[in-house]
Protein chains: 2
Amino acid sequence: MKTPEARRRLSPDLREQEIVREAVKFFAEFGFEGQTRELAKRLGITQPLLYRYFPTKDALVERVYQEVFLRRWNPFWEELLQDRSKPLGERLTEFYRDYSQVILTYEWVRLFMFSGLKGLDFNTRYLDLLRQRVFDLIINELRLAHSRKPPDEVPITTMEIEAVWGLHAAIFYLGVRKFIYNMPVENINSIVDLELRIFLDGVPGTLAGR
Amino acid sequence: MKTPEARRRLSPDLREQEIVREAVKFFAEFGFEGQTRELAKRLGITQPLLYRYFPTKDALVERVYQEVFLRRWNPFWEELLQDRSKPLGERLTEFYRDYSQVILTYEWVRLFMFSGLKGLDFNTRYLDLLRQRVFDLIINELRLAHSRKPPDEVPITTMEIEAVWGLHAAIFYLGVRKFIYNMPVENINSIVDLELRIFLDGVPGTLAGR
DNA sequence: CGATCAGTTTATCAATCGATAAATAACGGA
DNA sequence: TCCGTTATTTATCGATTGATAAACTGATCG
């Protein structure tokens, strides 16, 4: 009992936006093997129309990546982590609460995993960025908070990076459980706080630069 | 320049074993959309022969699950975690070193993720088992080691479970990074030790039952 | 009100998929 | 050595896939 859906002839910009928005949801659900006919059906259009806006299916997939991963990165995070007017614990709480709100979504988590499994290099590129823009900063601030020598005197160790990876994994895995394993995960903020507490209590023993 | 590969007519048992063994590798690489013709090619047989041993493709996929997940569970783990003749830290190290050696493999990690993304209920079933057979045990032993009331007096809290989830995630994510994101991850045992140290130093603050 | 541009649909192709039936050939027993 | 069982291959079907070309139609302008 829905409208006959006879609405046609949208402006190209609007139509493209609609396609991309629906494609994000669609590929997040079925992966990149999701069929163009089914996507078109959800959009209330015919399948060949997709090819008016994107030359190939891969081009549409590529566009979905950009929309989900690149667009959602917040440059302010890097400032926040270095804002020494606040205690480090407070900064980390603020950062990971906000960061988790961005990446712990159905689309982000699943598309990221689909991308990794398909062997696309996007994951490594994103994670290299994450390490440079976030992990190194956190280690730097942790060193400072515990009166260790800075990274330019004593280089960052593998184990320091791994310690931060552990924190990051604990938080990201909440999204894996929720959106990939389909398990109930509630009160994410409280859990983020918990993981941070455990991390901050336990990490001093692994910091270098004494 | 390889042998003409004219060998035919294996015994049904042997042929089935070969098919399953190769199918595990194959589906771990390409996911369940991997094509039967390509799988047959890798086996050096023709595609219809697969249907002599498995009625449908799904039946073969189902068999792969059983082979990888059910067969590799070690009941001894549950005994080990409760062996109070050893310090808890030692038990956890021993367990997670062995457990990580079993699940942090190309096949296990990728098939588990493919399964989750496809919406099969196997993940939840496995993780329910993991929680009952491992998580609850760990929390019980942690309570005991820190002189808290046992779970039958003070029920296990959500946050205690989440704390163990965090440890588990940190370790499992090593496999995600290595086999899904294709990142270099070395010295897994050392990292497991590190995560355990951080966990054990930080977790007492979240234990209930005081 | 008619003409033109462009957004959209219809019709269809070529390749690929899982699956089936019939033909072939390898191995063991008499 | 021959024969029969059956493991294996050849040939093929029907459905589905991404993609293309041509026909259609709605909106804007004169």
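All values derive from a computational prediction rather than experimental measurement.
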May I have the distance from Leu49(B) (atom CG) to dA23(C) (atom P), rounded to whole angstrom?
19 Å
On DNA chain C, more 5' by nearest nucleotide between Asp58(B) and Pro48(A) is Pro48(A)
Less than 6.0 Å separating the ring centroids of Phe199(A) and Phe199(B)?
no
Aromatic rings Trp165(B) and Tyr173(A): how do their planes relate, parallel, tilted or perpendicular, breaks at 30° and 60°?
tilted
Ring pair (Phe, Tyr, Trp, His ring centres under 6.0 Å) partner of Trp77(B), chosen from Tyr96(B), Phe135(B), Tyr99(B)
Tyr99(B)
Gap between atoms NZ and P, on Lys41(B) and dT9(D) respectively (whole Å)
15 Å
Side chain of Tyr51(A) only, please: which of dG18(C), dT9(D), dG18(D) is the nearest?
dG18(D)
Just N and O in the side chain of Thr46(A): are any of them under 4.0 Å from OP1 or OP2 of dT8(C)?
no
Asp13(A) has an atom CG; how far is it from atom C1' of dA6(C), in whole Å?
14 Å
So that I know where these two stand, are Tyr126(A) and Phe112(A) an aromatic pair - ring centroids less than 6.0 Å apart?
yes
So, does Arg52(B) get its side chain near the phosphate of dA7(D), meaning an N or O under 4.0 Å from OP1 or OP2?
yes
Between atom CZ in Arg37(B) and atom P in dT20(C), what is the gap in whole Å?
13 Å
Of Thr56(B) and Tyr53(A), the one whose nearest nucleotide on DNA chain C sits closer to the 5' end is Tyr53(A)
Donor-acceptor pair under 3.5 Å, Arg15(A) side chain vs dG7(C) base:
no
When only distance counts, do a donor and an acceptor, one from the side chain of Arg9(B) and one from the base of dT6(D), lie under 3.5 Å apart?
yes
What integer distance in Å separates Ile45(B):CD1 from dA25(C):C1'?
16 Å
Please report, rounded to the nearest Å, how far the C1' atom of dG18(C) is from the CG atom of Leu39(B).
13 Å
Mind calculating the distance between CG (Leu50(A)) and C1' (dA21(D)) to the nearest angstrom?
17 Å
Calculate the interatomic distance between Glu38(A) atom CD and dG18(D) atom P; express it in whole Å.
11 Å
Distance flag, aromatic centroids of Trp73(A) and Phe69(A), threshold under 6.0 Å:
no
